[in-house]
Engineer: 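What follows is a single structure, and I will ask about it in a moment.
A note on names: the letters A, B, ... follow the listed sequences, proteins ahead of strands, and every chain is numbered from 1. Atom set for the values below is all heavy atoms of this structure, side chains included, hydrogens, waters and symmetry mates excluded.
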Number of protein chains: 2
Amino acid sequence: MVRPTMEDVALRAGVSRALVSLVMRGSPKVSELRRSAVLKAAEELGYSPHAMARSLASRTSTVLGVMVSDLHNAFFAEVVDGIDEVAREQGFDIIINTGGRSPARERRALESLLSFRPAGLVLLSPVVPATAIGKAAEQLPVVLVARSSRVSTVDTVNDDGEVGARLAVDHLVSLGHKRIAHLDGGEGTQAGPRRRGYVAAMEAHGLAPQVVSSEYTDAAGARAIRSLIADDALPTAILSCNDFNAVGAISALEDAGLCVPQDVSVVGYDNTSLAALRHVSLTTIDQPRAEFGRLAADALLQRVREERTEPVRHLLNPSLVVRTTTAPPGGPR
Amino acid sequence: MVRPTMEDVALRAGVSRALVSLVMRGSPKVSELRRSAVLKAAEELGYSPHAMARSLASRTSTVLGVMVSDLHNAFFAEVVDGIDEVAREQGFDIIINTGGRSPARERRALESLLSFRPAGLVLLSPVVPATAIGKAAEQLPVVLVARSSRVSTVDTVNDDGEVGARLAVDHLVSLGHKRIAHLDGGEGTQAGPRRRGYVAAMEAHGLAPQVVSSEYTDAAGARAIRSLIADDALPTAILSCNDFNAVGAISALEDAGLCVPQDVSVVGYDNTSLAALRHVSLTTIDQPRAEFGRLAADALLQRVREERTEPVRHLLNPSLVVRTTTAPPGGPR
DNA sequence: TCTATTGGTTGGAGCGCTCCAATGCTGTAA
DNA sequence: TTACAGCATTGGAGCGCTCCAACCAATAGA
């Protein structure tokens, strides 16, 4: 249970501790003879460098901290993939922590991450107050994903929800729909831009917006549909605030004896793995998630290397994924 | 960008560095006067202890490393919740890393985690070879979740897949089914026990097992159903190897004009969030995921505190969750 | 009065490493 | 031969912290 140290390797290889350090860092100024002796000794002892001692001594770190607000959401997993890819390319490791969507837990996760003195921090859709983010940003470079900020030391990567909503509306309009309702995400992240994009797109087409208050869950989507039916206000097409909501909406429509897409078309948002299931096959708006991660890592590493001090604000374009829940109104031709 | 050290706090509070250290660790042998002075100074400077320096000096760690084989799978998120809960209770933090189901990436993630010298390691369904796990276990306590091991220094936490499969078969038999097929998980984790449990339960009921080769995806589930239909070998009930497979199976059945559960009953496995969607409402087998995490953390912390040297092998009982994809054979009564 | 005892406080050593100035050792030019 | 590069190699200081023995009142006991 006790790991060998550099000293042990040096002793075994018959060289100094400093020489072992050079070999471990791949320095070119070591003779081939010593290098192989050191590597052999390290191998035999099962030695690997102590990252903490290293970063303590060098006052640098090759670790990026990633705070995932919700591990349950596969959205973040793909962003992490993107971060990981870029980080690894550039010789950095990542450590992840999660806040479980609770500000208190998230704050603690942040503290924990900071206590490792990583080179930088990526916060995925954090729910902590902006002041906490600002404080962290005083200590190290910080990038926010799926959350905006006006702090000049913080970079951000977001999708353009207005564009996404417009894509969906344009698609439905091109199919011939005129009555298109939006099941709104309420207080949820990014619900605002999506709603604004929907309203703007409707008005641009000369159509009357119909915003129905809802939430990011399948139960809420179903509830919204039931209330629309009860009010006799069901449109020919629905733009849900996200995929879960859309699936709930579809099931409520089917419960009411309506067919999707023949009677009502439904569009989701996020293109989660759920949407791709053949059983669901949801037309939806895709966000370039891995790209989010890559851009976030790139931005962070630029700051880490002090190549840039001006903030960047990435706003990525989502895209439309047409599956089988949308069709022209009035049944199949 | 430069964080204050203990020295800075000591200077500002007019005490020694050692005294600050005592305060930071909540030692009782500090006068109230000094304690408040130190805390005030720390607050003013925005000081928080450097976890790495601390663990280096104390040769202990309050960090548990968690390797998640696949961040995309919400199964692990719930296990992590359980780990996090117990760890936090006992004053430990967790850092997560992911291997993305690739042995090479996972190995690297393991290395990275080890380089922080955590107090212990939880591996969630790792795909690295057993030797790599054994090597890690020489350096620190290791607990395996959703993977078994015979190494005596490694604790394991698993669900009893045989019991789960039997629960499903018993449920279907009690509904009156006699022809029940199992869509097999092939090489997938835990596919073996599930298959064995299915076969044993069928034989216990005096029924003929029908194992159909498949995989843990919805496409595979659909394929398996189509081949059963093509062979005119469709049973009255299906036990899928997991929920994804079950959803694929359902959609293929519906495509073929069959109704679930009137014509064919379907049972999944895992009780993912997918199964709970009203649109899916899948009868399935639930694993106590958070309990996995809690037990894993408990076992690990026992080893960390050297309270135990004998391995523990937790085998948890899954439970049946009846939703709407199962019914007596031959349509509704 | 003097010595123990106790509780609070401190300086110094050291955790495993990096960094740097200094050292030794070639080989080459004068 | 001496001088001087040029290069590989080394010891020591120090990163921010913990731990420990030592220390210093202040009080208690004899």
Side-chain angles (χ1 to χ4, degrees), chain A residues 1-39 41-42 45-63 91 93 114-119 139-140, chain B residues 1-39 41-42 45-63 91 93 114-119 139-140:
Chain A
M1 284 281 173
V2 70
R3 296 192 65 161
T5 75
M6 218 166 231
E7 198 77 51
D8 300 324
V9 177
L11 220 64
R12 185 175 190 108
V15 299
S16 72
R17 198 186 56 253
L19 207 260
V20 177
S21 171
L22 289 175
V23 172
M24 285 305 160
R25 282 175 291 149
S27 161
K29 39 169 66 178
V30 177
S31 67
E32 213 32 67
L33 186 74
R34 310 284 176 131
R35 180 189 305 284
S36 56
V38 166
L39 290 177
L45 291 172
Y47 171 81
S48 76
H50 190 314
M52 298 201 181
R54 170 176 278 182
S55 104
L56 185 60
S58 64
R59 270 143 293 176
T60 62
S61 167
T62 56
V63 173
D93 273 320
L114 284 176
S115 76
F116 286 97
R117 303 290 192 274
Q139 300 181 4
L140 39 40
Chain B
M1 286 281 172
V2 70
R3 296 192 66 161
T5 75
M6 219 167 231
E7 197 78 50
D8 301 325
V9 178
L11 220 64
R12 186 174 188 108
V15 298
S16 71
R17 198 186 57 252
L19 208 258
V20 177
S21 171
L22 289 174
V23 172
M24 285 305 160
R25 281 174 293 148
S27 161
K29 38 172 65 178
V30 178
S31 68
E32 212 33 67
L33 185 74
R34 311 283 177 130
R35 179 188 307 283
S36 56
V38 167
L39 290 177
L45 292 172
Y47 171 81
S48 75
H50 191 315
M52 298 201 182
R54 170 176 278 182
S55 102
L56 185 60
S58 63
R59 271 143 295 176
T60 61
S61 167
T62 57
V63 173
D93 273 319
L114 284 176
S115 76
F116 286 98
R117 303 292 192 273
Q139 300 181 3
L140 40 38

Engineer: I need a per-nucleotide contact map over nucleotides 15-27 of chain D, read 5' to 3'. Cutoff is protein heavy atoms under 4.0 Å; write B for the base, S for backbone only, - otherwise.
Structural biologist: BBBBB--------

Engineer: For a quick test of reading the model, state the closest non-hydrogen atom pair linking V38(B) to A13(B) and the distance between them.
Structural biologist: CA-CB, 4.0 Å

Engineer: For residues T60(B) and S55(B), report the shortest heavy-atom separation together with the two atoms involved.
Structural biologist: O-CB, 3.0 Å

Engineer: To the nearest 0.5 Å, how far apart are CE in M6(A) and CG in L11(A)?
Structural biologist: 14.0 Å

Engineer: Shorter than 3.5 Å, N or O on both sides, protein versus nucleotides 5-8 of chain C: list them out with atom names.
Structural biologist:
none

Engineer: Which heavy atom in P4(A) sits nearest to a heavy atom in L45(A), and how many Å separate them?
Structural biologist: CG-O, 3.4 Å

Engineer: What does the inter-axis angle of the helix from dT1(C)-dA30(D) to dA30(C)-dT1(D) come out as, five pairs per end, nearest 10 degrees?
Structural biologist: 70°

Engineer: For P118(A) and L140(A), work out which heavy atoms get closest and say how close.
Structural biologist: O-CD2, 3.4 Å

Engineer: CZ of R117(B) to CZ of R59(B): how many Å apart, nearest 0.5 Å?
Structural biologist: 14.0 Å

Engineer: Which atoms form the tightest heavy-atom contact between T62(A) and G91(A), and what is the distance?
Structural biologist: CB-O, 3.8 Å

Engineer: Taking side-chain hydrogen bond (donor to acceptor under 3.5 Å, both in side chains) as the cut-off, I'd like each qualifying pair that reaches into residues 9-23 of chain B, sequence neighbours left out, listed once.
Structural biologist: R12(B)-E44(B), S21(B)-R25(B)

Engineer: Listing request: all side-chain hydrogen bond (donor to acceptor under 3.5 Å, both in side chains) pairs with a residue in residues 28-38 of chain A, at least two apart in sequence or in separate chains.
Structural biologist: none

Engineer: Please tabulate, for side-chain N and O atoms in residues 46-54 of chain A, each donor-acceptor pair with protein atoms closer than 3.5 Å (sequence neighbours left out).
Structural biologist:
residue	atom	partner	partner atom	Å
S48(A)	OG	R3(A)	NH2	2.3
H50(A)	ND1	M52(A)	N	3.2
H50(A)	ND1	A53(A)	N	3.3

